[in-house]
Amino acid sequence: MLSSLQECDTIRERLAGYVLNSLVKEEAGAVTAHSATRSACHAEHECLAAVAPHLIPLREALADESQRRKHGRHRPERITSLTLSQWVNSKALVAAR
């Protein structure tokens with residue numbers, strides 16, 4: 001039997017797969033049940049769940065930039081290094097307008 005701390009570690013390792021719907025049914029059920037009783041794990045789930053919808057647009061933006069560079073086309077000078085949280089916040093601000 002796992003200790004509470006070991007169980008939290010195991011669940012946290014599965015959270016990314018959970019928010020991306022890539023876990024098998026039994027694993028997803030364990031994450032759901034555990035997150036309902038452990039506030040720290042639930043909070044981490046909420047953070048990851050907020051990022052997941054932005055992963056596809058981020059991948060597309062990175063691919064577009066790669067293609068532009070490959071063909072010698074560059075965007076006008078602007079900030080080129082954002083953290084993931086900064087990028088997500090900028091997308092949230094645009095969506096809120």
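Source: prediction; values computed, not measured. We number each residue from 1, following the sequence as shown.
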Checking V31 against E27 for the side chain to side chain contact (heavy atoms under 4.5 Å, CB included) test, could you report, in this order, the C-alpha distance in whole Å, the side-chain angles of both residues, the deciding distance, and whether it holds? CA-CA 6 Å; V31 172; E27 288 177 323; 5.6 Å; no
Walk me through whether V19 and V51 qualify under side chain to side chain contact (heavy atoms under 4.5 Å, CB included). CA-CA 9 Å; V19 299; V51 171; over 6 Å; no
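Contact between A50 and P53 at its shortest, heavy atoms only, is O-CD, 3.5 Å. Taking all atoms of both residues into account, the shortest heavy-atom contact from H34 to C41 is NE2-SG, 3.2 Å.
Although no hydrogens or angles enter the test, the distance criterion places no donor-acceptor pair under 3.5 Å between the side chain of S35 and the main chain of T32.
Expressed to the nearest 0.5 Å, how far CD1 of I11 lies from NE2 of H42 amounts to 14.0 Å. Summarising the geometry, atom CG belonging to L48 is positioned 12.0 Å from atom OH belonging to Y18; distances are rounded to the nearest 0.5 Å. The CD atom of E44 sits 12.5 Å away from the CZ atom of R38 when rounded to the nearest 0.5 Å.
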